Student: 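Submitted below is the structure of interest, expressed as structure tokens.
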There are 2 protein chains.
Amino acid sequence: MAFSPLVDELVESLRCLPGVGQKTAQRMAFHLLERARSGGTRLADALNQAMDGVRRCDSCQNFADTELCPICETPERKNGTLCVVESPSDLLAIEQAGDYRGGYFVLMGHLSPIDGVGPEEIGIERLLGRIREEGVSELILATNPTVEGEATAHYIADRLDGQNVLITRLAHGIPVGGELGYVDGFTLTHAFRGRKPLSD
Amino acid sequence: MAFSPLVDELVESLRCLPGVGQKTAQRMAFHLLERARSGGTRLADALNQAMDGVRRCDSCQNFADTELCPICETPERKNGTLCVVESPSDLLAIEQAGDYRGGYFVLMGHLSPIDGVGPEEIGIERLLGRIREEGVSELILATNPTVEGEATAHYIADRLDGQNVLITRLAHGIPVGGELGYVDGFTLTHAFRGRKPLSD
């Protein structure tokens, strides 16, 4: 290449970011070098510290700096409700909605036998242990409404069969602010079946 | 936020990359933490080294590790032809096309008085000095076909008025492989005016 080895290596390294190909990596490298050297140094420090320091929470499997994440360290959130999500970004979306105040369990994936992801890999035993120990009364299965997410939810529900735990799933329906004309048939069917009296 | 301070700082730092907002930065951080920790460490090293080590070539102003970039260090490329481009990515595009074998001068911008970018900032004196010293016979003004790029090209041409240097501009016309129906009117006009006998 026409450039210095340092620039080449920077471009190549930036390609480990998701959705970043050769052209985008070049644009990012040039931007950092031309206009944001301090930002680049800050990013390098943040990367080094996060790659070394971030671990899994011992209780909910979410990313954490210490043994327990801030949510699991909050006693008020052990209120007998546990919400199972697939990924930290799902947890974040729920936290940003701001309504739910119980605990979480982050699977960090979903069951996918073809990729070698079984119950062991997503921490099902740890989840079942926590449900027993904490006396969880409601388990909200907030896995994604995909084939794998549904299968994972059903697997967890099966494993809890006969135990005194209320198992719920998030409601399907029309997104708030959405237009009926753009909603797909499956979602509309769910919305019709889940219709409620106006007084609710 | 629900996450660890290390993850928060990583997300915030990633936003210094061009085109990366909050959601994309989150996705990148989670991807690195979940699946690409070694890539993240490599990126941190590459960033640190590039931010510290990359400087400007003393001759062409392009990014370089040493005083002269690899192109300026190659004697065969001092063949009396000099190509003026706005940015390293323009240079890279020309290098990847593979046809041009002369030298370069990278303005690292264009004249833009409203942003405080004058001839001093883009190194016009250094360019004129190089043209004199190296006995450049042809100066190819490959600035972008934008208002600022054209103005910069005209300014450089004016400064060389009366000197024995052939000044050229890249041809405008229909992109190779493009369809006529999608080409804009200005480009078509240029293509018509620049038409050539078939034998060329």
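Keep in mind that the numbers below use all heavy atoms, side chains included, and drop hydrogens, waters and symmetry copies. Chain A is the first sequence line, chain B the second, and so forth, proteins listed ahead of strands; every chain is numbered from 1. Nothing here was measured: the structure is a model prediction, and the numbers come from that model.
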Student: With only heavy atoms counted, which part of B/M108 is less than 4.5 Å from chain A, the side chain, the backbone, both or neither?
Tutor: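 Contact with chain A involves the side chain of B/M108 alone.
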
Student: Counting heavy atoms not belonging to A/D184, are there more than 12 under 6.0 Å from its CG?
Tutor: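 Yes - once you tally the heavy atoms of other residues, nucleotides and ligands closer than 6.0 Å, there are more than 12.
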
Student: Tell me whether B/L107 is reachable from B/I94 by hopping between hydrophobic residues (I, L, V, M, F, W, Y) whose side-chain heavy atoms are closer than 4.5 Å.
Tutor: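 No, separate clusters.
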
Student: Rounded to the nearest 0.5 Å, how far apart are CZ of A/R37 and SG of B/C16?
Tutor: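 Reported to 0.5 Å precision, the distance equals 13.0 Å.
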
Student: Measure the CG-CG distance between A/D65 and B/L6 for me, rounded to the nearest 0.5 Å.
Tutor: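 Answer for the CG-CG pair, A/D65 versus B/L6, is 4.0 Å.
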
Student: Specify which of A/S87, A/A36, A/G40, A/A29 makes the most heavy-atom pairs with chain B at under 4.5 Å.
Tutor: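 Of the candidates given, the most pairs with chain B belong to A/G40.
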
Student: CZ/A/F63 to OG/B/S4 distance, rounded to the nearest 0.5 angstrom?
Tutor: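 The OG atom of B/S4 is 9.0 Å from CZ of A/F63, to the nearest 0.5 Å.
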
Student: At a heavy-atom separation under 4.5 Å, does A/A50 approach chain B through its side chain, its backbone, both, or neither?
Tutor: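 Contact with chain B is through both the backbone and side chain of A/A50.
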
Student: Counting neighbours of CG on A/D158 that are heavy atoms of other residues, nucleotides or ligands and sit closer than 6.0 Å, is the number greater than 12?
Tutor: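 More than 12 within 6.0 Å, yes.
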
Student: Heavy-atom pairs under 4.5 Å with chain A are the metric here; pick the option from B/N48, B/T24, B/L33 that has the most.
Tutor: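 Sorted descending by pairs with chain A, the first entry is B/L33.
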
Student: For residues B/P88 and A/E34, determine if any side-chain heavy atom of one lies less than 4.5 Å from a side-chain heavy atom of the other.
Tutor: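 With C-beta onward as the side chain, the pair touches.
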
Student: Answer with yes or no whether the hydrophobic clustering places A/V11 together with B/V106; edges join I, L, V, M, F, W, Y residues whose side-chain heavy atoms lie under 4.5 Å apart.
Tutor: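 Hydrophobic grouping puts A/V11 with B/V106.
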
Student: In Å, rounded to the nearest 0.5 Å, how long is the span from CE of A/M51 to CG of B/L10?
Tutor: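 Interatomic distance, A/M51 CE to B/L10 CG, rounded to 0.5 Å: 5.5 Å.
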
Student: NE2/B/H31 to CG/A/L17 distance, rounded to the nearest 0.5 angstrom?
Tutor: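 Rounded to the nearest 0.5 Å, the NE2-CG separation comes to 7.5 Å.
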
Student: Using the rule that Ile, Leu, Val, Met, Phe, Trp and Tyr join whenever any side-chain heavy atoms are under 4.5 Å apart, tell me whether B/L170 and B/L82 fall into a single cluster.
Tutor: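 No, B/L170 does not connect to B/L82 through the hydrophobic network.
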
Student: Could you tell me whether B/E138 atom CD has more than 12 heavy atoms of other residues or ligands within 6.0 Å of it?
Tutor: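 Counting other residues, nucleotides and ligands, CD of B/E138 exceeds 12 neighbours.
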
Student: Would B/F105 and B/L139 show up in the same hydrophobic cluster when neighbours are defined by side-chain heavy atoms closer than 4.5 Å?
Tutor: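 In one cluster with B/F105: B/L139, yes.
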
Student: When rounded to the nearest 0.5 angstrom, what is the spacing between CZ in B/R42 and CG in A/L14?
Tutor: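 Result: 10.0 Å between the selected atoms.
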
Student: Using a 4.5 Å cut-off on heavy atoms from C-beta on, say whether the side chain of B/R27 contacts that of A/P18.
Tutor: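 Yes. Closest side-chain heavy atoms under 4.5 Å.
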
Student: Does any heavy atom of chain B fall under 4.5 Å from the side chain of A/M28, the backbone, both, or neither of them?
Tutor: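 Its backbone and side chain both get close to chain B.
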
Student: Can you tell which of A/L47, A/D45, A/L43, A/T41 makes a side chain to side chain contact (heavy atoms under 4.5 Å, CB included) with B/S13?
Tutor: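 The option that passes is A/L43.
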
Student: B/V54, B/L91: one ILVMFWY side-chain cluster at the under-4.5 Å cut-off?
Tutor: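 They do share one cluster, since a chain of ILVMFWY contacts under 4.5 Å joins B/V54 to B/L91.
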
